[in-house]
Amino acid sequence: MRFTVSSTALSSKLNALSRVINSKNSLPILADFVFDVKDGMLHLTASDSENVMNTQLELTDCDGEGRFCVGNHDLLEAVKGFSEQPITFDVDMTSYSAKIAYQNGLFSLPVESADEFPAPQAVDENATAISIPNALLAENITRSLFATAQDDLRPVMNGIYFDLTTEYLIIVATDGHKLVRNKLMNIHGEQPASFILPKKPATLLKGLLGKDGGDVVIRFDDRNAQINYGDGQLTCRLIEGRYPNYSSVIPQNNPNQLTVDRLGLQSALRRVQPFSNDSSNLIRFHVEGGTLQLDAQDIDFSKTATERMACSYNGQPMSIGFKGSSFIEILSNFDCQEVVIQLADPSRAGLVLPSEQPEGQDVLMLMMPMLIND
């Protein structure tokens with residue numbers, strides 16, 4: 001079998017696929033790429049057994065068809081330095097070797113039969129399907145990923161929850177201390193359905209999406225999801241279990257409303273945070289009139305910091321404690337100029353919203369308070 005392909009196109013596809021491959025694999029063949037040549041196209045596959053990525057590219061020349069596996073590391077290193085040029089693979093499955101010829105040279109690599117490569121789990125024929133604009137899904141995954149947990153005891157918290165209703169799609173992530181809830185008003189289903197997308201495939205999608213237009217189609221059943229985007233496909237195993245009732249922790253009555261410059265608050269928090277206690281990272285927010293005061297202290301090392309900034313506030317004077325690093329993360333995942341912080345009392349969660357919601361969306365982030373000693 002002999003075929004010719006663009007060096008830069010191949011390098012780009014292999015780099016994207018390589019992100020799914022683990023450094024240590026349960027099966028040695030999972031360190032390989034699968035090459036499948038048929039109908040003048042090269043179909044490429046990589047897997048870590050739970051996540052399988054497929055993509056394809058057109059061949060400039062092709063003589064024969066077949067499948068084989070080749071180790072990811074050596075091939076990636078070989079092709080990444082090429083300028084744009086045709087490279088020709090000459091694969092001999094009797095000797096299990098591939099000769100790769102390019103403009104100024106030749107190298108050869110061992111290959112393996114693709115028959116041993118594990119096939120992805122099929123998604124049920126009656127699976128639920130959602131169609132989401134490419135850039136919109138990328139935006140919401142990026143906004144939510146930081147709030148996922150790393151909790152072996154509650155694995156359902158380690159992913160992003162997609163809650164499809166007959167009115168809208170809700171995308172949620174929480175680690176029990178902070179929460180992100182995105183409502184996509186223009187996407188809904190005929191029947192309610194939901195799934196929990198693990199962190200690894202979500203991170204892979206974050207890097208793959210948003211580069212072009214079109215829609216992403218997600219088909220999912222109780223155990224697996226198949227995500228089709230552009231010229232690629234990601235099949236992944238879902239997290240099984242019941243996601244916590246996220247609606248119950250969102251306070252509904254928040255009479256105290258603070259509007260403040262997002263970047264200004266983020267910068268102020270970064271300045272006072274180093275003076276907080278290393279273990280708690282507690283920052284005291286005191287708001288009264290048109291002034292927000294941030295206080296941090298570390299009694300063990302006799303360190304304190306205070307910073308005041310202008311804000312717009314309608315409500316009772318209040319002091320409430322938040323974890324500084326987590327609040328900075330929340331602010332970093334908005335792209336608006338001002339944020340609105342809604343507060344009920346020092347013992348209830350604070351809500352952070354953009355001053356203007358993105359079109360067709362309702363974005364809300366929640367931060368659990370910390371006990372402060374007045």
Novice: Does D295 form a side chain to side chain donor-acceptor pair (under 3.5 Å) with Q293? I'd like the steps, not just the answer.
Specialist: CA-CA 7 Å; D295 295 294; Q293 180 172 312; 3.0 Å; yes
Novice: Got a sec, which residues hit side-chain contact (heavy atoms from CB on, under 4.5 Å) with D152, two or more places apart in sequence or on another chain?
Specialist: none
Novice: List the steps, then state whether side chain to side chain donor-acceptor pair (under 3.5 Å) holds for T166 with H188.
Specialist: CA-CA 5 Å; T166 55; H188 53 84; over 6 Å; no
Novice: Classify the angle between the aromatic ring planes of F195 and F220 as parallel (below 30°), tilted (30 to 60°) or perpendicular (above 60°).
Specialist: tilted
Novice: List, one per line, each side-chain donor-acceptor pair under 3.5 Å for residues 347-367, sequence neighbours excluded.
Specialist:
| from | atom 1 | to | atom 2 | distance (Å) |
| --- | --- | --- | --- | --- |
| S347 | OG | D345 | OD1 | 2.5 |
| S355 | OG | E338 | O | 3.1 |
| Q357 | OE1 | V363 | N | 2.8 |
| Q357 | NE2 | D362 | OD1 | 3.2 |
| Q357 | NE2 | V363 | O | 3.0 |
| Q361 | OE1 | N140 | ND2 | 3.3 |
| Q361 | OE1 | R143 | NH1 | 3.3 |
| Q361 | NE2 | E139 | OE2 | 3.2 |
| D362 | OD2 | R181 | NH2 | 3.3 |

Novice: If you count heavy atoms of other groups shown closer than 6.0 angstrom to NZ of K323, is the number above 12?
Specialist: no
Novice: Tell me which donor-acceptor pairs under 3.5 Å the side chains of residues 65-72 have, and how far apart each pair is, sequence neighbours excluded?
Specialist:
| from | atom 1 | to | atom 2 | distance (Å) |
| --- | --- | --- | --- | --- |
| E65 | OE2 | D39 | N | 2.9 |
| N72 | ND2 | A31 | O | 2.6 |

Novice: Taking only residues at least two apart or on different chains, which pairs with a member in residues 237-252 satisfy salt bridge (Lys or Arg N to Asp or Glu O under 4.0 Å)?
Specialist: E50-R237, R223-E240
Novice: For the residue pair F162 and L137, establish whether any side-chain heavy-atom pair is separated by less than 4.5 Å.
Specialist: yes
Novice: What is the minimum heavy-atom distance between L292 and C311, and which atoms define it?
Specialist: N-SG, 3.8 Å
Novice: Sort and list the pairs that fulfil salt bridge (Lys or Arg N to Asp or Glu O under 4.0 Å) and have at least one residue in residues 83-98, not counting sequence neighbours.
Specialist: R2-D90
Novice: In a table with atom names and distances, give each donor-acceptor pair under 3.5 Å that connects a side chain of residues 325-332 to protein atoms at least two apart or in another chain.
Specialist:
| from | atom 1 | to | atom 2 | distance (Å) |
| --- | --- | --- | --- | --- |
| S325 | OG | N281 | OD1 | 3.0 |
| S332 | OG | I328 | O | 2.8 |

Novice: If you take all heavy atoms of C236 and L197, which pair is closest and at what distance?
Specialist: SG-CD1, 3.7 Å
Novice: Please check if atom CG in N245 has more than 12 non-hydrogen atoms from other residues, nucleotides or ligands closer than 6.0 Å.
Specialist: yes
Novice: Could you tell me which non-hydrogen atom of I171 sits nearest to which non-hydrogen atom of S144, and how far apart they are?
Specialist: CG2-OG, 4.1 Å
Novice: Using every non-hydrogen atom in the two residues, find where Q342 and Q257 come nearest and quote the distance to one decimal.
Specialist: NE2-OE1, 3.4 Å
Novice: Does E116 CD have over 12 foreign heavy atoms under 6.0 Å away?
Specialist: no
Novice: I'd like to know whether CG of L106 has more than 12 heavy-atom contacts from other residues, nucleotides or ligands below 6.0 angstrom.
Specialist: yes
Novice: Could you tell me whether Y246 atom OH has more than 12 heavy atoms of other residues or ligands within 6.0 Å of it?
Specialist: yes
Novice: So do V37 and L42 actually touch side chain to side chain, heavy atoms under 4.5 Å?
Specialist: yes
Novice: Heavy-atom count around K99 NZ within 6.0 Å, excluding the residue itself: above 12?
Specialist: no
Novice: Please check if the distance between the ring centroids of F35 and F89 is under 6.0 Å.
Specialist: yes
